[in-house]
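Data block below; observations after.
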Amino acid sequence: MTTGSGHPLRIALVCLGNICRSPMADVVLEKKLADAGLADEVHVDSAGTGDWHRGEPMDPRAAAILEEHGYDPTRHRAQQITSRWFDDHDLVLTMDGSNFDAVRALARTPRDRSKVQMFRSYDPVATPGDDEVPDPWYGGPSGFEHVLRLIERTSDAIVASAPRLVEELAR
Ligand code: 4NP
């Protein structure tokens, strides 16, 4: 599968700190794409809207739950999203509504704005009142389990949608 646009489909995943939710989604989606043979067609990375954790590895609680479930959390280092991310990403998927508003505020053009969507807009069981990946930062381990379940289910749906997304990009 080629995109016809001369580059892979490039997805940015965005949360607040880039140490819990979006890096978990980055690692999970990347692995699921690789397992589906789509590693060359779809590229994924992640960022936070805030800069407090720039350069840091994943939160140890997020890393532990990923490792428990067979994922490798070790390569992540936190980055902060800027307007320039719109130049080299086709989709910018945000974890919650506050991240969505913050990323939309960075958009410079209608085209930039059209790239911003809620990550869980791909979740087949999301509803208008339940479309966020909640911030697990202040809670206990069960919050991270819940976040991983949401991320795995949504990532499966993104992988299933990948051929359509790549086709739309080529248009
Ligand atoms: P994340 O979680 O947005 O899922 O990475 C957070 C990480 C750090 C902070 C808040 C949320 N913080 O306030 O430093």
Side-chain angles (χ1 to χ4, degrees), residues 9-34 42-107 112-113 115-159 161:
L9 176 70
R10 300 156 306 180
I11 300 176
L13 302 165
V14 180
C15 63
L16 177 60
N18 195 219
I19 55 169
C20 299
R21 293 165 292 173
S22 63
M24 288 174 71
D26 187 347
V27 165
V28 168
L29 180 56
E30 203 161 68
K31 175 161 193 312
K32 287 180 179 290
L33 287 164
V42 186
H43 290 182
V44 185
D45 60 8
S46 67
T49 59
D51 69 350
W52 314 283
H53 298 285
R54 216 160 40 192
E56 293 177 16
M58 221 180 284
D59 181 285
R61 299 165 296 176
I65 193 101
L66 285 177
E67 266 175 349
E68 249 172 61
H69 289 262
Y71 299 99
D72 174 11
T74 58
R75 290 194 314 273
H76 177 72
R77 293 296 177 272
Q79 344 178 53
Q80 183 183 28
I81 189 169
T82 64
S83 295
R84 297 190 58 176
W85 277 55
F86 288 108
D87 296 335
D88 46 21
H89 292 87
D90 305 297
L91 282 177
V92 183
L93 304 181
T94 62
M95 296 294 136
D96 65 30
S98 149
N99 310 146
F100 182 88
D101 292 344
V103 173
R104 290 272 288 219
L106 293 174
D112 285 355
R113 246 188 318 280
K115 297 180 177 184
V116 188
Q117 299 171 8
M118 291 287 276
F119 175 70
R120 283 190 65 208
S121 64
Y122 292 90
D123 180 352
V125 305
T127 62
D130 176 21
D131 65 349
E132 300 194 329
V133 178
D135 190 344
W137 171 256
Y138 296 103
S142 69
F144 285 84
E145 287 274 6
H146 178 59
V147 161
L148 181 60
R149 272 196 302 278
L150 295 177
I151 285 172
E152 287 191 309
R153 186 172 71 216
T154 303
S155 296
D156 284 334
I158 292 174
V159 171
S161 298

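Just follow the structure's listing: the first ligand is 1, and inside any ligand the first atom is 1.
Considering only heavy atoms from C-beta on, D130 stays 4.5 Å or farther from D123 through its side chain. Taking the side chain as every heavy atom from C-beta outward, P57 and R77 approach each other to under 4.5 Å. Looking at F100 and V92, their side chains never come closer than 4.5 Å, going by heavy atoms from C-beta outward.
Counting only heavy atoms of the protein, atom 14 (O) of ligand 1 lies nearest to H53 NE2, 2.7 Å. When hydrogens are left out, the protein atom nearest atom 11 (C) of ligand 1 is D135 OD2, 3.1 Å; that is the closest non-hydrogen contact. The nearest protein atom to atom 1 (P) of ligand 1, hydrogens excluded, is given as C15 SG, 3.5 Å; this is a heavy-atom distance.
Close approach of ligand 1 to C20 is summarised as follows: ligand atoms under 4.0 Å from at least one heavy atom of the residue are 1 (P), 2 (O), 4 (O), 5 (O). Atoms of ligand 1 found under 4.0 Å from any heavy atom of I19, numbered from 1 in the order shown, are 5 (O), 7 (C), 8 (C). Heavy-atom proximity to L16, at under 4.0 Å, picks out these atoms of ligand 1: 3 (O), 10 (C), 11 (C).
Taking 4.0 Å as the cut-off between side-chain N and carboxylate O, R10 and D45 do not count as a salt-bridged pair. A salt bridge between E30 and R75 is present, with a side-chain N of the basic residue lying under 4.0 Å from a carboxylate O of the acidic one.
Under 4.0 Å from ligand 1, the heavy atoms of N18 that appear belong solely to its backbone.
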- Go through I158 and L93 one step at a time and tell me if the side chain to side chain contact (heavy atoms under 4.5 Å, CB included) criterion holds. CA-CA 11 Å; I158 292 174; L93 304 181; 3.9 Å; yes

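Note: no N/O pair closer than 3.5 Å links S22 and ligand 1 by distance alone.
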